[in-house]
Amino acid sequence: MSSEHGQNKPPAPTPPGGEQLALIRDTVRKAKVPRAKPRTWRGAALAERLPVARVLVDKGPVHLDKLWDYAVPAELDADARPGVRVRVRFGAGAGNVREGRREGGGLLDGYIVERVAETDYKGPLAAIAQVLSPEPVLSPALLALCRAVADRYAGSLADVLQLAIPPRSARAETASPTPALPPPPRPEPGSWTRYPAGPGFLDALARGGTPRAVWTALPGPHWPTELATVIAATLASGRGALAVLPDGRSAARVDAALTALLGPGRHTLLTADAGPHERYRRWLAVRRGSVRAVVGTRAAMFAPVQDLGLVAIWDDGDSSHSDDNAPRPHARDVLLLRAVQERTGFLAGDLSRTVETAQLLENGWALPLEAGREQVRAAAPLVRTVSDGDLARDPAARAARLPSLGWRALREGLLRGPVLVQVPRRGYVPRLACERCREPARCPHCVGPLEAADADTLRCGWCGRGAHPWHCPSCGGNRLRATVIGARRTAEELGRAFPGMPVRTSGRDHVLDAVPDQPALIVATPGAEPVAEHGYAAALLLDGWALLGRPDLRAGEEALRRWLDAAALVRPQGEGGAVVIVAEPTLSPVQALVRWDPAGFAARELAERAQLGFPPVSRMASVSGPASAVAELLESLELPPDAEVLGPVPVPPAEQGRPRRAGETPAKRGRPEPEEPWERALLRVRPGSGAALAAALKSAQAARLVRREGPPVRVRVDPPDIG
DNA sequence: AGCACGCCGACT
DNA sequence: GTCGGCGTGCTC
């Protein structure tokens, strides 16, 4: 009975009597699973010390978001340490003492959170079925962090653990741990001397301090090395450091800078493209303390760095810092929680500045790390604006829709090196606008945004009605600004305007990392701009109105961020670097670019948000789903007294997202519900009540799930797209 | 989520 | 008299 139908599995330990039934069931159910079969341990002796394990079940519905007590068999005593992955039987009947009957209940994965002497549970404990691996992957610090993240985002601990702990790869665990290298010597400040507070910040880190700063990086190629220097200074104190970057490209640049600074062996790169096995191997090396510094993309925000001394984030305004999976935590906020919980230094670095980091400065939690005006002038290109009505007289330039100033900048730049042309992504433009006054075109029936269904048809993005003869309600114009011309067509047109000049494009599908230092036109969409070896000679930022016209609270902030990112790749003004932006010169993001003043812009933006009661000054959450389900959830919410409910309003079909998992039939009463229109409500609380709001949402959501009330409702704390 | 227990209608 | 509907509640 110990062989399982010829499968070449290791022989089962001889079970105590009366267990055949369970073995047979497992064999029949999943004969292909090559795992050691879990035992039921009935009658087995328990561990002598601390025979109770408190287990967090990894998957399952939200209301399982609590600890369960299991007995620890003596045989598993040594391996069943806090933090290890285990399998437990869970479900009705599992503990039922109808002898010899069921050993039922499914096997679920989980983690031992602690070992204790006694249980509060009145009833017989089931035993842990199996210790999957003796590797303690869930440390107390990681658990505390994940709990805090789950609370902040009204999500379940199990969901957060899934983001924080990579899937196991048994092979990776067998590698013998290498001892950590000794702390490196304290690094030279290098280009940090351009910032008055820079050397002091490095010094504080190197001496074991925990300074907190918002760093507005000077334009140019130095920031990866500067970030690496900050990490090296923290390592010099004998502590670890963690830096999170928005994409693999920028993470690789900082990784390379660290290698140049420290050589190999003291740091590791944690990004998705390493593959699951390699990722787990590196993660383990970090957890085991072999490697003290981590550079990575957002999943690295949970990296179990030992004795963490600094957490850093680069470009926190980039949307890829929001995780895709529930509860969709933002790397900046996770790192802020870590900085507080693990008492570390904090650095948010950026060429621009978000309102969130502006708020850290305003309330005094962090200090600014900024260069003086003369350093900015020395590093930044000359920025000029041109309104796009002003078309060049040159026929080739007219054909490429270039204003004269832009045309000149391109022509002169190309004499001295590569020139960057930034074009908003096609499809990035959410709505049409009046050609004359730029007033967004709205549906005459429901005020939704109008879209161009095809060349000649207008349709409302919300209600779907057509709006054929359109007139601008504010200026009476009847011509619409259509779509943005995409990168590829822009490249074709520029190629005709500059015959013989090489034209390359970099966009979503094929992103260029770098371009050589030769005259060429580089057409790129925002975020995909290649680095030029010695900087671009010039840049032309086209169709600024498209970035600014997005119906989003962050449109201005985001546009400025995109422009600064591109303009920072251009040579300094003193070396002839020039930027021309095609946009309305009076708009404040445009002016902030011309003055190279992201800090001032963010401060004004923050003040405005405070005035309007918008995040991050207040905290918001969105609740969306079928109208009746949203209404029920709102009804059952026990909100803090200062909470406001905005809406609900209809959700345009395009934003409803994919339907929930298949096989879920909302109609249980036989009465098939018609697919109900979706609604979204926003909840808003004053500063300080964010935790109460999240707690209220979490318990209302849990109550719904426990009672299986209708279709699920999507809850999101800090929704990114409030317009 | 599963899966039991439990309390009311039409069937061999 | 039972079989079985799915409402309610628990799972260490």
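Residue numbers begin at 1 in each chain, while the letters A, B, ... track the order of the sequences.
Separating the CZ atom of A/Arg54 from the P atom of C/dC12 is a distance of 14 Å, rounded to the nearest angstrom. The interatomic distance linking A/Trp68 (CH2) with C/dT11 (P) rounds to 7 Å, in whole Å. Note: CG (A/Leu56) to P (C/dT11) measures 17 Å, nearest angstrom. With rounding to whole Å, A/Asp58 atom CG is found 17 Å from C/dC12 atom C1'. A straight line from CD of A/Glu114 to C1' of C/dC12 spans 14 Å, rounded to a whole angstrom. Atom-to-atom, CG of A/Asp65 to C1' of C/dC12 comes out at 16 Å; the value is rounded to the nearest Å. The CZ-C1' distance, from A/Arg89 to C/dC10, rounds to 18 Å in whole Å. Rounded to whole Å, atom P of B/dA1 lies 11 Å from atom CZ of A/Arg704.
Using a 4.0 Å heavy-atom cutoff across all strands shown, A/Tyr121 reaches at least one base atom of the nucleic acid.
We find that A/Arg287 and A/Glu135 are joined by a salt bridge, their nearest charged nitrogen and carboxylate oxygen being less than 4.0 Å apart.
Using a 4.5 Å heavy-atom cutoff, the side chains of A/Asp77 and A/Glu48 are not in contact. Here the side chains of A/Asp718 and A/Arg619 are in contact, with some heavy-atom distance below 4.5 Å.
Taking the six-membered ring where tryptophan is involved, the planes of A/Trp68 and A/Phe90 are perpendicular, since the angle between them exceeds 60° and thus also 30°.
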